[in-house]
2 protein chains.
Amino acid sequence: MNIADQTIPAIEAANEDRAQAIRDQLRDAIVDRRLAPGTKLSEGEVGTLFDVSRTVARAALQMLSFEGLVRTERNRGAFVANPSPEEARQVFASRRLIEPGIAIAAAGRMTPAHVAAFKAQLDEEGRFIAERGPNARRSEIKASGDFHLLLASVAGNVILQRFMEELVARSSLVIALYGRSGISSCGHNEHTQILEALENGNAERGSALMLHHIDHIEADLDLRVRSGPALRQALEF
Amino acid sequence: MNIADQTIPAIEAANEDRAQAIRDQLRDAIVDRRLAPGTKLSEGEVGTLFDVSRTVARAALQMLSFEGLVRTERNRGAFVANPSPEEARQVFASRRLIEPGIAIAAAGRMTPAHVAAFKAQLDEEGRFIAERGPNARRSEIKASGDFHLLLASVAGNVILQRFMEELVARSSLVIALYGRSGISSCGHNEHTQILEALENGNAERGSALMLHHIDHIEADLDLRVRSGPALRQALEF
DNA sequence: CTCGCAAAAATCGTATGCAATATTTTTCGT
DNA sequence: ACGAAAAATATTGCATACGATTTTTGCGAG
């Protein structure tokens, strides 16, 4: 397990909370799939890995558990979340409720600076799609999520922004788990279209496009139950 | 500070997480206004009060800080949140986005058992409105929130349910801070109407009523900024 | 060879101790 | 008497220690 090394050390803002920094690195590792769902994250291991005591490692894991990226079982430890198809559906149902509204809110607050940031974001996204290999694919999922987070930040509601951070992180996990690899790149075009609409102040259109976009992302998943019933099915055959 | 005593001991499920139990009691105390916004919650004090070490008290406070009910400052401690008018607006903007959708989802899943639970809930709510005194008013705010939480649980999306728990808790705080005392009891009628619509499977009407309901709650608040500018205004006069 | 059981190891939950930082009180000079 | 510097006090951040619980390992019986 080499998490701390792979991510950029980034000259930690020293007096910033250490637990928070560890949480951020672990979160990146989880949504990037460097840590597979189900992986055990023992307090001791995390602690030695980041060179802190179990106390602060534990705090970081507790934060991730609140975000739903980690599941903790009493006296057993913390594990990278392994969202069920039902959970996956709920994540996207939540996004369908929230994100069209965020798009509308963002439309009313777009500044040229915001537009420029979006353009840069979309460029980077396009670059990752052009590349090949599983590493680029990880980056692509991440960049795609960042588009939605950027939009949430423009909307200017910090509560919704935090909700979106959680939903995007969980979505990345879900996509990594249930995504059919090939198709998702069409999302880039949709992002472009959404930006276009919002840039022109067409909030309603941006909102509608966003709703379709979320539908498309979910449609690209294979959410048939597998582990429990599928196993039984396979054996009873 | 006598929080632990005022709430019912409730034969703590012993092997249940203690930090979580403390969090629940503190949360109740905060939304009930037994702990005023800005009150300092020192780890040591909470610890001795609930007869646990600072470690677990700290964990409880960390949870509350995630929910936005407590604000923690490094090396200074934890304080009951004192939401600004802007924060209050964001809470209600979030609810406007989420709750109409929850109403629609709930409409499709209402069983007779659910309806019965709602009827009981509304009865209790009505009883608190009939009573007088500040204590009844606290209970009224709480019961009003419970209606929305019950609806969220019927909707069957655990993620949205958790979001709603946070939003309702923060709303209680906001109402206690900025509420104009007299008027809020009309919310009870609106709850009744919403239930009626959903009971009849009229999801759209229930959703629309919910949106108005939230608007009404927010309209009953006095969200003019006071502390900063108001002070200056008072002195420059 | 497999199964079950007991001992050992690993891991968690929690308390406590120490250093660092904030807050309050005291003291001293003007 | 007032204000500022300094000491005393309190509180947080973090590490470590120890009992409790779970998991693994080792070994003997069937």
Side-chain angles (χ1 to χ4, degrees), chain A residues 1 3-4 9 11-26 29-30 35-82, chain B residues 1 3-4 9 11-26 29-30 35-82:
Chain A
M1 216 212 268
I3 307 159
I11 319 159
E12 304 290 353
N15 69 356
E16 180 65 21
D17 221 339
R18 286 195 280 172
Q20 211 156 312
I22 293 174
R23 176 202 59 175
D24 290 344
Q25 292 198 240
L26 283 178
I30 292 173
L35 287 170
T39 306
K40 168 146 198 198
L41 301 173
S42 93
E43 297 174 357
E45 206 173 351
V46 172
T48 54
L49 204 63
F50 288 95
D51 202 48
V52 294
S53 80
R54 270 181 54 217
T55 306
V56 33
R58 187 187 178 83
L61 291 172
Q62 195 191 354
M63 296 191 222
L64 289 170
S65 132
F66 279 126
E67 296 177 34
L69 290 184
V70 151
R71 166 182 43 91
T72 63
E73 292 172 37
R74 180 173 177 95
N75 274 321
R76 283 189 23 87
F79 305 83
V80 177
N82 205 336
Chain B
M1 214 210 273
I3 307 158
I11 319 159
E12 304 290 353
N15 70 353
E16 180 64 22
D17 222 340
R18 286 197 280 173
Q20 212 157 311
I22 293 174
R23 177 201 59 175
D24 291 343
Q25 292 198 239
L26 283 178
I30 292 173
L35 288 170
T39 306
K40 169 148 197 194
L41 300 172
S42 93
E43 299 175 356
E45 206 173 351
V46 172
T48 54
L49 204 62
F50 288 94
D51 202 50
V52 294
S53 80
R54 272 180 51 217
T55 307
V56 32
R58 188 186 178 83
L61 291 173
Q62 197 190 354
M63 295 193 226
L64 288 170
S65 132
F66 281 125
E67 296 177 35
L69 290 184
V70 151
R71 166 181 44 90
T72 65
E73 291 172 39
R74 181 175 177 94
N75 276 322
R76 284 194 18 91
F79 305 83
V80 177
N82 205 337

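Letters A, B, ... are given to chains in the order of the sequence lines, protein chains preceding strands, and every chain is numbered from 1.
Only one option out of B/Val56, B/Leu41, B/Ile22 pairs with B/Leu61 in a side-chain contact (heavy atoms from CB on, under 4.5 Å); it is B/Leu41.
The distance between atom NZ of A/Lys40 and atom C1' of D/dT24, rounded to the nearest whole Å, is 12 Å. Distance, B/Glu43 CD to C/dA22 P: 15 Å, rounded to whole Å. Rounded to whole Å, the distance from CG on B/Asn75 to P on D/dT9 is 21 Å. Distance, A/Phe79 CZ to C/dT11 C1': 10 Å, rounded to whole Å. Between A/Asp17 atom CG and D/dG13 atom C1' there is a gap of 9 Å when expressed in whole angstrom units. Following rounding to the nearest Å, A/Gln62 (CD) and C/dT14 (P) show an atom-to-atom distance of 11 Å. A straight line from CG of B/Leu61 to P of D/dG13 spans 10 Å, rounded to a whole angstrom. As rounded to whole Å, 15 Å separates atom P of D/dG13 from atom CD1 of A/Ile22.
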Would you list the atom pairs, donor with acceptor, under 3.5 Å between side chains in residues 64-73 of chain A and any protein atom, with sequence neighbours excluded?
{"residue": "A/Glu67", "atom": "OE1", "partner": "A/Arg27", "partner atom": "NH1", "Å": "2.6"}
{"residue": "A/Glu67", "atom": "OE2", "partner": "A/Arg23", "partner atom": "NH1", "Å": "3.4"}
{"residue": "A/Glu67", "atom": "OE2", "partner": "A/Arg27", "partner atom": "NH1", "Å": "3.2"}
{"residue": "A/Arg71", "atom": "NH1", "partner": "A/Glu73", "partner atom": "OE2", "Å": "2.5"}
{"residue": "A/Glu73", "atom": "OE1", "partner": "A/Arg76", "partner atom": "NE", "Å": "2.9"}

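Taking every side-chain heavy atom of B/Arg58 into account, D/dG13 is the closest of D/dG13, D/dA15, D/dT11. Among the nucleotides D/dG13, C/dT11, C/dT14, the one closest to the side chain of B/Arg74 is D/dG13.
The minimum heavy-atom distance between A/Ala57 and A/Val46, with the atom names listed, is CB-CG1, 3.8 Å. In terms of heavy-atom proximity, B/Arg18 sits nearest to B/Asp51 at NH1-O, 4.5 Å. Taking both residues in full, the closest heavy atoms of B/Gln20 and B/Met63 are given as N-CE, 3.7 Å, listed atom of the first, atom of the second, then distance.
Each of A/Thr55 and A/Ala78 has a nearest nucleotide on DNA chain C; the 5'-most of these lies closest to A/Ala78. Comparing A/Val56 and B/Gly44 by the nucleotide of DNA chain D whose heavy atom lies nearest to each, the residue mapping closer to the 5' end is B/Gly44.
One finds a side-chain N or O of B/Arg18 lying less than 4.0 angstrom from the OP1 or OP2 phosphate oxygen of C/dA15. A sub-4.0 Å separation between OP1 or OP2 of C/dT14 and a side-chain N or O of B/Ser53 is absent.
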